[in-house]
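Scope of the values below: all heavy atoms of this structure, side chains included, with no hydrogens, waters or symmetry mates. We count ligands from 1, going down the list as the structure has it; atoms in each ligand are counted the same way. None of the values given here were measured: they were computed from a predicted structure.
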Amino acid sequence: MISYGKQNISQKDIDNVIEVLKSDFLTQGPTIENFERYVANYCGAKYAVAVTNATSALHIACLAAGLKKGDILWTSPNTFVASANCGLYCGADIDFVDIDDNTYNMSIAELEQKLKETKIKPKVVIPVHFAGQSCDMLRLKELAEKYGFMIIEDASHATGADYLKTKIGSCQYSDMTVFSFHPVKIVTTGEGGMVLTNSKELYDKLILFRSHGITRNKDFMKRESDGPWYYEQVDLGFNYRMTDIQAALGISQMARIDEFVAKRRYLANRYNELLKNMPLKLPYQSQNTNSSWHIYVVRADFSKLKITKQELFAKMREKGINLNLHYIPVHTQPYYIKLGFNKGDFPISEKYYEEVFTLPLFYDLTDKQQEYVVKCLGGILKNA
Ligand SMILES: *Cc1c(COP(=O)(O)O)cnc(C)c1O
């Protein structure tokens, strides 16, 4: 079965993990800090905080931003539910900004319009770099300054991507950036996530929220120390710590990131070429961005074809190819409908959902396999 995404683990990756398994620290050891430093240096950010996954990374990023009950968080409906759920964890309300019909990222024109019309402004906006292509961060930053909201980039798809000659994660146009290291993403630690920032103040809060709100740093304590054993809980945090075992895999994978991204770009360019004469809308790439191609999505107008999307998925599956779909618009999930959202609220993302599907794209996909995927898809669409 050819699936839509898959990790690549080298012998060196395995050896690096084994080394930590034989060391003194399985968690809270030096490998975590080395991993954080590695990713921060790679991206050009000052600080990085490794955590259990991108979901917990988004949660502590929202807490560090001061998001709480009575505040509002805005994000894109075309994302994984975690980009919105993180606001609910903090007791805040959620709203969405519809996507751009070409990039499938949050539409900045829609955002600007909504900011003008809405009385209660968002405290935090979470742009999602969909498929690995950066949002229009220059304009987003301008709006953040004008309307006074904070920006947390959900860059779960975009580790290794570039925007205007800077790496995603540099936080040059945002307050914080979040990465995911789930096995389908660009680099993996099994489960894992990270928050990057250039702000010492945010960094100190992220460290606290990662580990129970407990500090051993005198500067943050409310009282005098009782002795060398002393620590204080000064806020309500969580146990969101990554293990050193995972961080070892993370460093090893990060050493290969340029190779990973280069292969994804190669395969995406090849899809662009191989699919160009099919009745499909291929991914549009805007200027200033260089995607890391977490996924390759195409759109078909199924109302003009003699085949439904369900039938297409079934036929491809018969041929050993597992298509996927990114994403069901978050506001149409039953949980969000219960919160008061309705079908029809964000029509561009809903129409997109009707048409879109995701083709296999991962490091080990061979030219032959890719040609097979294209041949199967072409055959099915031709008879449709
Ligand atoms: C994968 C993903 C997440 C969640 O990542 P985890 O590491 O699995 O928690 C959040 N947002 C987006 C856009 C994602 O793709």
K.L.:
Using only heavy-atom distances, determine whether the side chains of Thr31 and Asn34 contain a donor-acceptor pair under 3.5 Å.
P.N.:
no
K.L.:
Can you list every salt bridge (charged side-chain N to carboxylate O under 4.0 Å, His left out) pair that touches residues 336-348, not counting sequence neighbours?
P.N.:
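The answer is none; no pair qualifies.
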K.L.:
Can you pull the salt bridge (charged side-chain N to carboxylate O under 4.0 Å, His left out) pairs that have at least one residue in residues 266-287, sequence neighbours excluded?
P.N.:
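The answer is Arg270-Asp367, Arg270-Glu371, Glu273-Lys276.
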K.L.:
Please check if any side-chain donor atom of Glu191 sits under 3.5 Å from a side-chain acceptor atom of His182, or the reverse.
P.N.:
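Distance-only check fails for Glu191 and His182.
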K.L.:
Please list all pairs passing the salt bridge (charged side-chain N to carboxylate O under 4.0 Å, His left out) test where one or both residues lie in residues 122-136, with sequence neighbours left out.
P.N.:
Asp71-Lys123, Asp136-Arg139
K.L.:
Write out the protein residues near ligand 1, meaning a non-hydrogen atom under 4.0 Å from one of its atoms, in order of chain and number.
P.N.:
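Contacts of ligand 1 under 4.0 Å: Asn53, Ala54, Thr55, Thr79, Phe80, Ala82, Ser83, Val128, Asp154, Ser156, His157, Ser180, Lys185, Gly192, Tyr327.
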K.L.:
Between Glu110 and Lys114 (salt bridge meaning N to carboxylate O under 4.0 Å), is one present in this structure?
P.N.:
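Here Glu110 does not pair with Lys114 in a salt bridge, since their nearest N and O are not under 4.0 Å apart.
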